[in-house]
Amino acid sequence: MKELESIFGPNSALVEELYNQYQENPDLVPEHWRSYFDELNGDSSGKTNGAAADVDVAESTPKTTPAKPAREESRPKAKKSTPAAIPEGAELEKIKGVAAKIAENMDESLSIPTATSLRVLPVKMLAEDRTIINRHLLQRGE
């Protein structure tokens with residue numbers, strides 16, 4: 001249990017619950033979790049049966065961070081833009097007015113330091129709260 005907490009933080013309870021569902025029936029969990037648990041069990045074929053997956057989550061959880069979703073890995077790298085070729089005989093004019101002010105502000109904004117904060121939320125609680133709210137709305141007929 002401690003290993004799960006070190007990897008998934010407050011969301012370790014959700015991961016453990018998903019793993020238990022995966023052991024009962026792998027089709028009950030989303031595809032990305034199924035492939036993660038398949039890797040965890042050493043099954044590279046992508047298919048497991050629930051009975052063969054009797055492995056304790058805490059013992060089999062790797063000490064590394066979980067694999068990133070495929071959509072992040074397949075995202076194209078940002079390309080640096082190159083200035084467009086200027087056709088022969090074209091006259092260049094300096095930007096004026098509002099457009100000039102916008103360009104100036106954009107250049108200045110590059111030197112302003114920014115900060116990012118990170119908050120870790122227990123997803124299991126969010127999912128349970130959502131279930132309670134949805135059940136309540138169904139009872140009210142909404």
Side-chain angles (χ1 to χ4, degrees), residues 1-50 52-53 55-142:
M1 189 67 171
K2 293 279 186 194
E3 290 180 27
L4 273 177
E5 288 179 25
S6 68
I7 294 171
F8 294 103
N11 296 319
S12 59
L14 176 68
V15 176
E16 188 172 357
E17 183 178 317
L18 284 170
Y19 186 75
N20 290 336
Q21 289 176 5
Y22 168 82
Q23 285 181 317
E24 290 173 19
N25 183 358
D27 295 329
L28 293 177
V29 297
E31 177 62 35
H32 58 278
W33 280 109
R34 201 173 321 141
S35 29
Y36 176 75
F37 294 137
D38 285 344
E39 285 181 30
L40 209 105
N41 291 331
D43 183 9
S44 58
S45 68
K47 297 199 177 210
T48 57
N49 72 34
V55 179
D56 186 27
V57 176
E59 291 176 6
S60 62
T61 304
K63 296 187 190 291
T64 59
T65 58
K68 292 182 181 179
R71 63 177 164 234
E72 287 183 22
E73 294 169 359
S74 64
R75 195 178 330 172
K77 303 272 184 188
K79 296 179 182 177
K80 290 187 177 182
S81 61
T82 55
I86 301 170
E88 285 187 39
E91 292 184 32
L92 299 178
E93 288 185 36
K94 191 170 185 172
I95 298 176
K96 299 176 188 170
V98 176
K101 188 61 179 171
I102 291 172
E104 180 184 324
N105 289 342
M106 289 173 69
D107 284 339
E108 286 180 15
S109 72
L110 296 174
S111 64
I112 298 172
T114 57
T116 302
S117 65
L118 176 69
R119 295 183 184 184
V120 177
L121 300 173
V123 175
K124 183 165 177 52
M125 287 301 299
L126 292 174
E128 289 175 0
D129 290 347
R130 182 178 179 192
T131 303
I132 291 168
I133 291 169
N134 287 340
R135 196 176 310 132
H136 177 73
L137 290 174
L138 281 173
Q139 288 175 349
R140 287 180 40 190
E142 294 181 20

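What you are looking at is a predicted structure, and each value in this text was computed from that prediction instead of being measured.
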Item to complete: Take Tyr22 and Asp38 through the side-chain contact (heavy atoms from CB on, under 4.5 Å) test and state the conclusion after the steps.
Response: CA-CA 10 Å; Tyr22 168 82; Asp38 285 344; 2.4 Å; yes
Fill in: Listed partners of Arg135 passing salt bridge (Lys or Arg N to Asp or Glu O under 4.0 Å), at least two apart
none
Worksheet item: Are any of the side-chain heavy atoms of Leu14 and Phe8 separated by less than 4.5 Å?
Response: no
Discussion item. Measuring only between side-chain heavy atoms, which start at C-beta, is Ile133 closer than 4.5 Å to His136?
Written reply: no
Return all side-chain donor-acceptor pairs below 3.5 angstrom for residues 92-104, not counting sequence neighbours, or 'none' if the list is empty.
none

Item to complete: Test side-chain contact (heavy atoms from CB on, under 4.5 Å) on Tyr36 and Val29 and set out the steps.
Response: CA-CA 11 Å; Tyr36 176 75; Val29 297; over 6 Å; no
Discussion item. Applying side-chain hydrogen bond (donor to acceptor under 3.5 Å, both in side chains) as the test, list every pair that has at least one member in residues 124-134; sequence neighbours left out.
Written reply: Glu17-Lys124, Lys124-Glu128
Worksheet item: Can you tell me how far the CD1 atom of Ile86 sits from the CD atom of Glu91, to the nearest 0.5 Å?
Response: 12.5 Å
Item to complete: Starting at CG of Asn105, measure out to CD1 of Ile112 and round the result to the nearest 0.5 Å.
Response: 9.0 Å
